[in-house]
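As the structure lists them, so they are numbered: ligands from 1, and atoms in each ligand from 1.
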Amino acid sequence: MSEAPKTDHCYDGIEEFDNPLPAWWTAIFVLSILFAPLYWVYYQTGVEGRSAIEQYEQASAENTRLQFAEIGELTPDAPTILRFTQQDNWLSVGKSVFKSHCVSCHGADGQGQVGPNLTDEHFKNINQIQDIATVVANGAGNGAMPKWSDRLNVNEIVLVSAYVATLRGKNIEGGRVPEGREIAPWPEPPAEEEAVEPEAETAEPEETKA
Ligand code: HEC
């Protein structure tokens, strides 16, 4: 048996060797204690751009910029918004903006909650399709509808506006009662360069009106 010294306690005949902790183990232990405050100071004291969340946001903004390089910087006007109502791949980007920022007030399908129903034919602040982008950018109702221009990139505003424009007329069941006045239909989207198929109707024909 080992010659190492023993601690002087003994429980039910069980004794314990008094071996020192290995030096490497103690070193890691001490270093981790010294490292902790440095780590904390670096990441947690609120210096801009260092927290995991901010790094994630920077990376995802960078990714969005890369994606958007394809379409360039959009102008939030009627022809642009109408054009994107016809492009499913970009509409899905608009939809994901809507899912992350708008559903809490406008409902999962735009049927309205705190905010108005976006699936009927009635609007409070919208007369023309480009007004959607203006309301999204600047807010409305004295801030009841928040301003998004400092949180969303202009392309995101255009794409979410295009998505919102496609919600019109879906009349999702159980939605909020119509508010505001009935407005004229959106203009016809600009003709697609390649698409030679007949013009798609604005509302999906298979959707039953509530
Ligand atoms: C904090 C709740 C809230 C959030 C989040 C919100 N909205 Fe709104 N929104 C409102 C309210 C309330 C109104 C009505 C303002 C008024 O009374 O004039 C409104 C109005 C609108 C309108 C005009 C509707 C009309 O009838 O005039 C549009 C379009 C709209 N929101 C789109 C969006 C989009 C897109 C987003 C996400 C980027 C969003 N909203 C996020 C609360 C919200």
Give the contacting part of V136 toward ligand 1: side chain, backbone, both or neither, where contact means a heavy-atom distance below 4.0 Å. side chain
Tell me, which protein residue and heavy-atom name are nearest atom 5 (C) of ligand 1, and how many Å apart are they? H101 O, 3.4 Å
May I ask you to check whether over 12 heavy atoms, not counting those of L34, lie within 6.0 Å of atom CG? yes
For L82 versus P187, what's the shortest heavy-atom pair and its separation? CD2-O, 3.4 Å
Among all the protein's non-hydrogen atoms, which is closest to atom 3 (C) of ligand 1, and how far away is it? C105 SG, 2.6 Å
Between S60 and N63, do the side chains contain an N or O donor and an N or O acceptor separated by less than 3.5 Å? no
Among L167, V135, I183, whose heavy atom sits nearest atom 23 (C) of ligand 1? V135
So between P146, P116, G141, A144, whose heavy atom ends up nearest atom 13 (C) of ligand 1? P116
I want to check something: taking the side chain as every heavy atom from C-beta on, are V160 and V136 in contact at a cut-off of under 4.5 Å? yes
Sub-3.5 Å N/O-N/O distance, K124 and ligand 1: yes
Whether the Q113 and H106 side chains hold a donor-acceptor pair (N or O, under 3.5 Å, no angle test) is what I'd like checked. no
Note the single closest protein heavy atom to atom 34 (C) of ligand 1, along with its residue, its atom name and the distance in Å. C102 SG, 3.3 Å
Quick one: nearest non-hydrogen protein atom to atom 33 (C) of ligand 1, plus distance? M145 CE, 3.3 Å
For atom 18 (O) of ligand 1, the protein heavy atom that lies nearest, with its residue and separation: N125 ND2, 3.0 Å
Is there a donor in the side chain of T119 and an acceptor in the side chain of N117, or the other way round, less than 3.5 Å apart? yes
Minimum heavy-atom separation for F84 and I71, please, with both atom names. CZ-CG2, 4.0 Å
Looking at atom 8 (Fe) of ligand 1, which N/O/S atom of H106 is the nearest one? NE2
List the atom of N127, the atom of I183, and the distance in Å for their closest heavy-atom pair. O-CD1, 4.0 Å
Relative to atom 24 (C) of ligand 1, which among V103, L118, V114 owns the nearest non-hydrogen atom? L118
Any heavy atom of G180 sitting closer than 4.0 Å to ligand 1? no
